[in-house]
Every structure is written in C-alpha cells, then in structure tokens.
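Structure first, commentary second.
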Amino acid sequence: MRLVSTAELKNRTNEVLRTAQAGEPIIITRHGRPVASLMGLAGGDLAGLPDRAAAARAPSGGYAYSAFVLPFGTFYVAFGPLGPAFARIAASPGAFERDAARYLGTLVRRSAPPGWLARAVREAVGARRVFGGPVDLSRAGPFEREVLAALRRIPAGQVRTYGEIARAVGQPGAARAVGTACARNPVPLLVPCHRVVRSDGGLGGYSLIGGVGLKRRLLESEGALPNPPRPQEAGRAR
DNA sequence: TGTATGACGATAT
DNA sequence: CATATCGCCATAC
C-alpha cells in the first residue's frame, strides 16, 4: 500500500497510475488524511462492463452478475458501469436474479467474473486489504451513502458501533438509522457492514443469509473479536 | 403529510 | 445479566 498526497497525484500522475496498475493499492490523502483509493485494472478487467455507449443507449438495462463460491455460501454480485451494484449470498442463481431485478429495476444476466471483481471479492472476503474499488450506490439515499462511505473506512480487523458511525456522519442521534442503512446495504461484504456492532458489546444483527452467525464468523476471521468463543469452556466461571 | 418500522442506545427493573 | 421501555432518526408507504 502506498500513500499519495493530492500534490503527488497531480504532479506524478503517470508514475502513480503505473504503481496502481502493478497491483499496489494507492491511498489518496488530503491534509494527511486518507480520502480515496485507486485500484489498478489489468487488460480485460472491464470486459464484463457495458461500455459508455451501451450504457447511454440502455441507461437502465444491462447489469451482469457473477457468482463466487465462498466457504459460507455462494456470493452473487451484480455490476454495472459504476461497479458492483447489488450483492447477496443466495441459495440459487434464480433467487439472486429475482432479488437483483427487484432492487435494480431491470433484469440481470450471468457473466464470467471480470478480473477486477474477482479481486475485489477476494480482498473483501479474505480481508487482506481494504477493498477501495468503485461501488454503485446510486440507489441509496444521501444519508445511506454517507453511512456506507463511513463503513468503508473501517479497517479489516476492527469494528465500530452504530453510534460511532452516526457521529462520524454528523448525526450523533441517528444510531438506529445507521442500523437501518446497514440492513439496506446493497453490496454487503464489499462494503463491510458486518464491522458495525452494538455499543453494549453485542454483535447486533445481520440480514445476509447466515445471520449473526455469519457476522461473527466474518469478524473472527478478521481477528476483530477479542475473545473467540471456546465451546469447551463456555459458561465456566473462574 | 402522517404513520409505522427497524442490524440502536441509555436506563430501569 | 436479561428484558422492558422509551427516545431517536431516516425511510417506505
């Protein structure tokens, strides 16, 4: 990972882009604070994406989706010109297609996973890096978008409370609404809503298939839980 | 425009 | 410590 200031970005654009293309994640900083990231794209990565002309011709048509078999289920991701737009763990392609069509307002067709998407899923699930790639949040409201943006700033291995996110987006009293926004996250895992927990130490909810059990599993695999449950000693006191 | 609904939080019991 | 209650706030209808 490399940190690049706005000045560097402007004055050494080509070098920065070359670095990104080489596969090293670039974090853009402003006033010393990370504000955005660049993800390299290899040739052919965009093969599954509709081109600009196609998008203009059919503004609401043309989402593709790919399936990824993960340890806890099959993860489906629908993507358009702006990036991943809808993702779910689903029991079958048909179930995902139905949910995706309802959310996106258009049919989705299956496609081989573009390289950038496979990498994004790998990074998001393996939690080896923060997935900072593009995400299509155009159907989310302004508050929801801010919340989701805040979630993306939570490093793997860490958690935040719903209240902390509320304060982070300037609505200190909106913890509950943050929960609602998380529940409506169109791209779970890619936007890590599982890293938000309750202020009382509870995990809170998780609406993906798998429920809080999956949420716990994800957080454990990221090393975010201080005391992984040890079944053998569960309940034992002193 | 009003009303109902949550992946919440603090407090009381 | 678990449950109940009430306040909160952005959405969906």
Side-chain angles (χ1 to χ4, degrees), chain A residues 60 70-78 82 84-91 95-96 98-106 121 124-125 127 130-131 135-238:
Chain A
S60 65
L70 303 180
F72 39 81
T74 305
F75 184 53
Y76 297 85
V77 183
L82 301 180
F86 183 80
R88 284 292 127 91
I89 293 171
F96 174 77
R98 178 170 44 77
D99 292 345
R102 187 158 35 115
Y103 181 79
L104 296 172
T106 182
V121 170
V125 175
V130 175
F131 167 56
V135 162
D136 181 357
L137 269 21
S138 59
R139 282 161 190 77
F143 174 82
E144 197 175 317
R145 263 200 293 274
E146 278 209 71
V147 168
L148 295 174
L151 301 191
R152 301 188 82 188
R153 292 180 216 120
I154 308 174
Q158 294 187 26
V159 295
R160 298 288 184 275
T161 68
Y162 294 95
E164 284 173 335
I165 299 300
R167 292 191 282 277
V169 300
Q171 300 285 340
R176 192 166 190 173
V178 167
T180 303
C182 288
R184 296 168 43 79
N185 176 11
V187 283
L189 297 185
L190 298 177
V191 169
C193 58
H194 60 278
R195 306 217 260 246
V196 193
V197 298
R198 294 181 56 109
S199 64
D200 63 7
L203 284 185
Y206 200 56
S207 52
L208 255 202
I209 288 180
V212 296
L214 174 57
K215 186 176 188 175
R216 175 179 296 106
R217 196 171 159 185
L218 290 169
L219 292 176
E220 281 172 5
S221 78
E222 295 178 2
L225 297 184
N227 296 315
R230 290 170 299 176
Q232 301 289 9
E233 298 187 15
R236 191 169 184 270
R238 288 171 70 66

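Letters A, B, ... are given to chains in the order of the sequence lines, protein chains preceding strands, and every chain is numbered from 1. The figures that follow rest on heavy atoms only: side chains count, while hydrogens, waters and symmetry mates do not.
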Would a distance-only check, ignoring hydrogens and angles, find a side-chain to backbone donor-acceptor pair under 3.5 Å from A/D99 to A/R88?
no
Distance-only, no hydrogens or angles: does the A/K215 side chain make a donor-acceptor pair with backbone N or O of A/C193 under 3.5 Å?
no
Would you give the length of the straight line joining atom OG1 of A/T161 to atom CZ of A/R195, rounded to the nearest 0.5 angstrom?
15.5 Å
When rounded to the nearest 0.5 Å, the distance separating CD of A/E146 from CG of A/L137 is 11.5 Å
Quick one: A/I165 CD1 to C/dC9 C1', roughly how many Å, whole number?
16 Å
A/R139 atom CZ is separated from C/dA12 atom C1', nearest whole Å, by 17 Å
Using the six-membered ring wherever Trp is involved, compare the ring planes of A/F86 and A/F96 and label them parallel, tilted or perpendicular (cut-offs 30° and 60°).
tilted
Looking at side-chain heavy atoms only, is the closest gap between A/L219 and A/L203 below 4.5 Å?
yes
Sub-4.5 Å side-chain heavy-atom contact between A/L189 and A/V77:
no
Using a cut-off of 4.0 Å between protein heavy atoms and nucleotide atoms, how would you tag nucleotides 1-13 of chain B 5' to 3' with B, S and -?
-----BBBSS---
Holding to salt bridge (charged side-chain N to carboxylate O under 4.0 Å, His left out), I want the full list of residues that pass it with A/R198, two or more places apart in sequence or in another chain.
A/D200
Symbol by symbol from the 5' end, with Watson-Crick or G-U pairs under 3.5 Å, [ ] crossing and | another strand, DNA chain C is .||||||.|||||
